[in-house]
2 protein chains.
Amino acid sequence: MYSIGDVAKMMNISTSALRFYDRQGLLPFVERNQAGRRTFKPNDLNFIEVIDCLKKSGVPVKNIASFIQLCMAGDGTLKERYDYLDHQEAVLTDKIQAMQAQLDFLRYKKWYYKTAVEAGTEAVHFLPQTHAVDPETKAQYQRARQNATDLHQLIDLPNQSTSQDQPD
Amino acid sequence: MYSIGDVAKMMNISTSALRFYDRQGLLPFVERNQAGRRTFKPNDLNFIEVIDCLKKSGVPVKNIASFIQLCMAGDGTLKERYDYLDHQEAVLTDKIQAMQAQLDFLRYKKWYYKTAVEAGTEAVHFLPQTHAVDPETKAQYQRARQNATDLHQLIDLPNQSTSQDQPD
DNA sequence: GCTTGACTTAAACCTGTGTTCAAGTCCTAA
DNA sequence: TTAGGACTTGAACACAGGTTTAAGTCAAGC
C-alpha cells in the first residue's frame with residue numbers, strides 16, 4: 001500500500017495533480033484507511049500508468065474519466081475499452097504525423113536562416129528591391145533536399161558550441 | 001492586400017485568434033489602412049505560417065513573440081533566429097519521441113484488451129484469486145511482439161465495422 | 001439615404017489544468 | 001507531550017489561450 005506522496009514520487013506526478021485527478025473522477029479505485037487517507041494498491045499504479053499515458057497523449061481529463069468508468073464497470077465493457085484505445089491510437093498517430101509536418105517546416109526555416117547567416121543578410125531570399133521573400137525559395141529548398149545525401153549538412157550550421165542557454 | 005477575414009480563411013485561423021495574436025505582439029508587421037483596418041501583405045503570410053507552425057509545435061505565444069521580435073530587428077539577429085529554430089527543432093523531435101513512447105504503451109494496452117475480449121474476461125490477465133494484473137503480463141506482450149511479423153495482427157481486433165462514433 | 005456585412009476596440013467571459021491556502025487530522029520520535 | 005511531517009478538505013487563485021459581447025466605424029449595393 002502506498003500513500004499519495006509515495007505514488008507522486010514513483011509516477012512523477014505532483015500530489016496536487018493526483019488529488020485533482022481524484023476530484024475529476026479518474027481515481028475511483030483508490031481506497032482510504034481509517035483516517036481518511038488514500039491508500040494506493042500496487043495494481044492501482046497500472047491505472048495511473050494508463051491515465052498518465054492518455055494525458056501525455058493529449059486526452060482531456062474528462063475524456064479519460066469516461067474510460068476509467070468503463071474499467072470500473074466489469075467485463076461487459078471490454079470491447080468498448082478496446083475501441084476507446086483503438087480510437088486514441090488513431091488520434092495519436094495523426095498527431096505524430098502532424099508534428100512531423102511541423103518538423104519538416106522548421107527544417108526548411110533552418111535552411112532559410114542558415115543560408116541567410118552564410119550570406120550575411122536575409123536579402124538573399126528577397127525579391128529584388130523588396131523585403132518580400134521570393135516565392136521560389138521553398139521550391140529551391142525542396143530541390144536541394146532531394147539532392148542532399150545528408151539532411152543535417154543541408155540545414156545545420158557548424159556548431160561553434162558557444163551555446164547560449166535558450167529559454168523554452 | 002488581404003483583410004483579417006481573408007487571412008483567417010486562407011490560414012484556417014479564426015479572426016478572434018488573429019486579433020489575440022496581434023495583441024500579444026505576434027503581428028507587429030501588419031499595417032493598417034486609413035480606416036484603422038488591418039491590411040495583410042502577401043509576405044505577411046510567411047510570418048503567419050511560421051507562427052502557426054510554432055503554435056502547432058506547442059510553443060507558447062509569449063515565446064513566439066520573442067522570435068518575431070528578432071525577425072523585426074534586422075540582419076543582426078539572423079544567427080539568433082537560426083539558433084531559436086534549431087532549439088525548437090530539438091524540442092519537437094523530443095516531443096515526437098515522447099509521443100511515440102505513449103503510442104507503444106497504448107498498443108500494449110490494445111493487446112491487453114484484445115486478449116481479454118477474446119477470452120471473454122479480463123481475468124485472463126489477473127493473478128489467481130485476485131483482481132490485480134499479473135506483473136508478467138507486459139513481458140508476455142513484449143515477447144509476443146518480438147516474435148510477431150505483423151504488429152496489427154497482434155493488437156488489432158477483426159473490425160466488424162459497426163463503428164460507433166467515438167467522442168474525442 | 002439606408003441596410004448589410006466586415007471590420008475596430010476594450011472588457012468580460014470561459015475552459016482546462018492544475019496550484020495554493022487555511023484549517024484541521026494523524027502518526028512518530030524526541 | 002509536543003513538535004514535525006504528511007496527510008485531509010473546500011475554496012480561492014493562477015495562467016494560457018482564446019471567444020464573446022457591446023458599441024461603434026466604414027464601404028458597397030439597393
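Hydrogens, waters and symmetry mates play no part in the numbers below; they use all other heavy atoms, side chains included. Just so we're clear, the structure is a prediction, and the values are computed from it rather than from any experiment.
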- Message: Could you tell me how far apart B:Leu26 (CG) and D:dG17 (C1') are, to the nearest whole angstrom?
- Response: 12 Å

- Between A:Lys114 and A:Asp156, is there a side-chain N and carboxylate O pair less than 4.0 Å apart? no

- Integer-rounded Å distance: C:dC7 P and B:Asp22 CG: 14 Å

- Message: Between B:Arg145 and B:Asp150, does the salt bridge (charged side-chain N to carboxylate O under 4.0 Å, His left out) criterion hold? Intermediate values first, please.
- Response: CA-CA 9 Å; B:Arg145 196 180 170 173; B:Asp150 181 5; over 6 Å; no

- Message: It should be established whether A:Arg38 places a side-chain nitrogen or oxygen under 4.0 Å from OP1 or OP2 of nucleotide D:dT9.
- Response: yes

- Look at the side-chain N and O atoms of B:Arg32 and state whether any lies under 4.0 Å from the OP1 or OP2 oxygen of C:dT9. yes

- Item | Pair A:Arg107 + B:Glu89: basic N to acidic O under 4.0 Å | yes

- Message: With heavy-atom distances below 4.5 Å as the criterion, would you say the side chains of B:Asp52 and B:Asn12 are in contact?
- Response: no

- Task: From the options D:dC26, D:dG17, D:dT8, select the nucleotide whose nearest atom is closest to the side chain of A:Ile4.
- Result: D:dT8

- Could you state the CD-C1' distance from A:Gln24 to D:dG10, rounded to the nearest angstrom? 14 Å

- Note on the structure: From the candidates C:dT17, C:dT19, C:dT9, the one with an atom nearest any side-chain atom of A:Ser14 is C:dT19

- Query: So what does B:Thr15 touch, heavy atoms closer than 4.0 Å: a base, only the sugar-phosphate, or nothing?
  - Reply: nothing

- Message: How many whole angstroms separate atom CZ of A:Arg23 from atom P of C:dT20?
- Response: 13 Å

- Atom OH of A:Tyr2 and atom P of D:dC7: how far apart are they, to the nearest Å? 15 Å

- Cation-aromatic face contact A:Lys109/A:Tyr112, 6.0 Å, 45 degrees: yes

Each nucleotide N or O in nucleotides 1-3 of chain C that has a protein N or O under 3.5 Å away: list the pair and distance.
none

- Message: Of the options D:dG17, C:dT8, D:dT8, whose atoms approach the side-chain atoms of B:Val61 most closely?
- Response: D:dG17

- Query: Within the pair A:Ser3 and D:dA6, is there a side-chain N or O less than 4.0 Å away from OP1 or OP2?
  - Reply: no

- Note on the structure: Among the nucleotides D:dC7, C:dG16, D:dT20, whichever has the atom closest to the side chain of B:Ser16 is D:dT20

- Item | Derivation and outcome, salt bridge (charged side-chain N to carboxylate O under 4.0 Å, His left out), residues A:Asp104 and A:Lys110 | CA-CA 10 Å; A:Asp104 287 346; A:Lys110 268 187 69 177; over 6 Å; no

- Separation of atom CZ in B:Phe20 from atom C1' in C:dT15, rounded to whole Å: 14 Å

- Message: Heavy-atom nearest nucleotide on DNA chain C for A:Gly58 versus A:Gln34: which residue maps closer to 5'?
- Response: A:Gly58

- Which listed nucleotide (C:dT8, C:dT19, D:dG17) is nearest to the side chain of A:Ala17? C:dT19

- Provide, to the nearest angstrom, the distance between the CZ atom belonging to A:Arg19 and the C1' atom belonging to C:dT20. 12 Å

- Message: Side-chain N or O of B:Tyr21 versus OP1/OP2 of D:dG17: is the shortest distance under 4.0 Å?
- Response: no

- Rounded to the Å, how far apart are B:Lys9 NZ and C:dG5 C1'? 11 Å

- Distance-only donor-acceptor test (3.5 Å): side chain B:Arg37, base D:dT25: yes

- Task: Return no unless some side-chain N or O of B:Lys62 is found under 4.0 Å from OP1 or OP2 of D:dC15.
- Result: no

- Query: Do you see a donor-acceptor pair shorter than 3.5 Å between the side chains of A:Asp75 and B:Thr121?
  - Reply: yes

- Carboxylate-amine/guanidinium contact A:Lys41 A:Asp44, below 4.0 Å: yes

